[in-house]
Amino acid sequence: MSGARTQWSAFWVLVRARIAETARERAAVAFLFGFPAILLVSLALVFAEGHPYERRAIALDCANGAVATALSRESHAITLYPMSARDGLRALSDARAELLICCPTGGASVEISHGPRGVLTAEAVQRRLDRAGVRTTTRLVAIPRGAYARGLLPGAIAFGALFAGLYGLGLPMLRLRRRRVLARFSLTPLRPVTLVLSQLSARAALTVGQSLVILAVSAPLFRWVPSGFAALAVAGVVLLGVLAFAGIGFLLATIVSNEETHGDLLAASATPLVLLSGAFFPVQEMPRWLGAAARGLPSTALVDGCRAALDPTLASLAGPLGILILWAVATIGLALRRFEMHSP
Amino acid sequence: MSQPPTVLPFIDSADAARFEDVTVCAGGATLLDGVSARVGGRGVTALLGPNGAGKSTLLSALLGLRPIARGKITLFDGAYGPKSAPRGAVSAVLQDEGAFDGMTAREYAALFAALFDDRSLTAKILAASALGERDARRLEHLSGGELRRIQLAAAVATEPALLVLDEPTNHLDPAARRALVASIRALGETRAVLLATHDLHEAERVADAVIVLVDGRVRACGKLSALCEALPEDKRARGLEGLFEHHTGATLDASGAIEALDEARQPAPSTEARRR
């Protein structure tokens, strides 16, 4: 009992010290909270009118094979992304898709939803479907200015968590070991798990704070107020994201003992994790085997989770959260088994 | 609330530590080769030797930070091994021990108070380190002497029966060295202190006993006075310097630091190449 109380007291001292360390450093505070906000404003300005090279992406919620067949003849010009109507509407609002095609059951007309910039595409698709004998109606959806930039918001939050996790635990542990601080602590009652969890908690708390600041900045920028549930969902996804990526960085730190090598490994790991996350290239467009692998990555789960968290339902969050929990438990558990406070 | 120190009974041990034929190997090299020595229950025992003699290796083995290939290390009259001694009974300031990133001196003291479940330790450590208002500074912003003082204060706050100090005066200015040496002398009056150093003048000011280590082997071990008595006349008058030269063939610079070993007086090299 006394041992648990001792560890708990030490845990809080270490958490407070780590957070205070950041709070004392003006540059660290500015970077942690200011840089993502500046990045977001820059993106909003640059992409206010959408991406200049965006493709004709069409979200498709349709079991009617005739629709897909008719549109597949235009495969050089358009890309179809099967998804639910709810996700499709979100993609349309974020300007990630130009049209949303929904096929209601019971023989009603196929509905083509589009924004102001999608009028011509909608008309072209309508003509194509009319020729194929599919009845259609069109619906104009209001797309707020800066919608595309808002679509980058989940990526900005996700990558903040990804890098905070990757670099936030393993590297500091290697530094403490080199300075013999860990060897010194091994002569005290401090348990390795207490030290590790304290550093992890402090880092996660700071990163969750960072993501909430990004949300707060985005509200006036995109004239969009996230719900309380959305803020909570973002915090939860970011927390699990930090844990999963901190686990990866920490596990690597138990394999190599050199800080430079560890840094190189982190950089080498981060590149595929970022590229395959679905933030830059849709996972659906990847070769099937690569797409399947990408769906299991924590980076993809983190980006998907952040995307879902902005307009959350429990169902849309469950998959990404499950993958992140699996990665966090596996990597942190394995790393803790391998971790030693000192090396001979 | 706070637990009484569990370590006081060990202070009256005849032997704080005993090494019996201890061999430590790493990477195919023998770092310690059949070391046998003892550290008394009270007083300062100076562990002497040139750089690379194996001093830090011996201390790491004693603290349970490094495995031994052969032999035995026991603590407090054989009651414990390096890893089984009660936490707090043995404490240390390690060689070139660094600072915890971003932590202030006050937070560092509070951490030790939390770890040993005794809130009064915060004030005790800060008072002993005599930092004054500088206790709000981050550890990495303290001077080398100040950092050593608070590390030493934290190490002795739990009243350890055996205090291990690995070259604690490295990189300190003369005033800080003198102050630290005086502290070590005082600490040795109430507990066993094992002090690794390659500065003979410093060792002579504090040591009651010495262990001379060269090339991973013990050349001399015992009470300083008794070892000096056994020296030839010309070396005896020079005290610890004479003792050290006699047993190692080392030459000393003006400050008393070990400058070089006389290769002609070295024993045959150990069977395995030594890495350090």
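Numbers restart at 1 for each chain; the letters A, B, ... are given by sequence-line order, proteins then strands.
- The two residues L65(B) and S186(A) come nearest to each other via the heavy atoms CD2-OG, 3.3 Å.
- A pairwise comparison of heavy atoms in M103(B) and A17(A) identifies CE-CB, 4.0 Å as the closest pair.
- The pair R138(B)-E25(A) meets the salt-bridge criterion, since a charged nitrogen lies less than 4.0 angstrom from a carboxylate oxygen.
- For a residue to count as touching a neighbouring chain, one of its non-hydrogen atoms must lie under 4.5 Å from one of that chain's; by this rule R178(A) does not touch chain B.
- If you tally non-hydrogen atom pairs under 4.5 Å between each of A154(B), A61(B), G64(B), A114(B) and chain A, the highest count goes to A114(B).
- Minimum heavy-atom separation, L187(A) to L63(B): CD2-O, 3.7 Å.
- Taking both residues in full, the closest heavy atoms of L94(B) and A183(A) are given as CD1-CB, 3.6 Å, listed atom of the first, atom of the second, then distance.
- When each of A10(A), P189(A), A20(A) is checked for heavy-atom pairs under 4.5 Å with chain B, P189(A) comes out on top.
- Both the backbone and the side chain of L190(A) come within less than 4.5 Å of a heavy atom of chain B.
- When each of L182(A), T194(A), V181(A) is checked for heavy-atom pairs under 4.5 Å with chain B, V181(A) comes out on top.
- Listed here is the closest heavy atom pair of A155(B) and R184(A): CA-NH2, 3.4 Å.
- Salt-bridge formation is detected for the pair E107(B)/R24(A): a Lys NZ or Arg NE/NH1/NH2 atom is positioned less than 4.0 Å from an Asp or Glu carboxylate oxygen.
- The heavy-atom pair separating T6(A) from L115(B) by the smallest distance is CG2-O, 2.9 Å.
- Using a cut-off of 4.0 Å between Lys/Arg side-chain N and Asp/Glu carboxylate O, R180(A) and D96(B) are scored as not salt-bridged.
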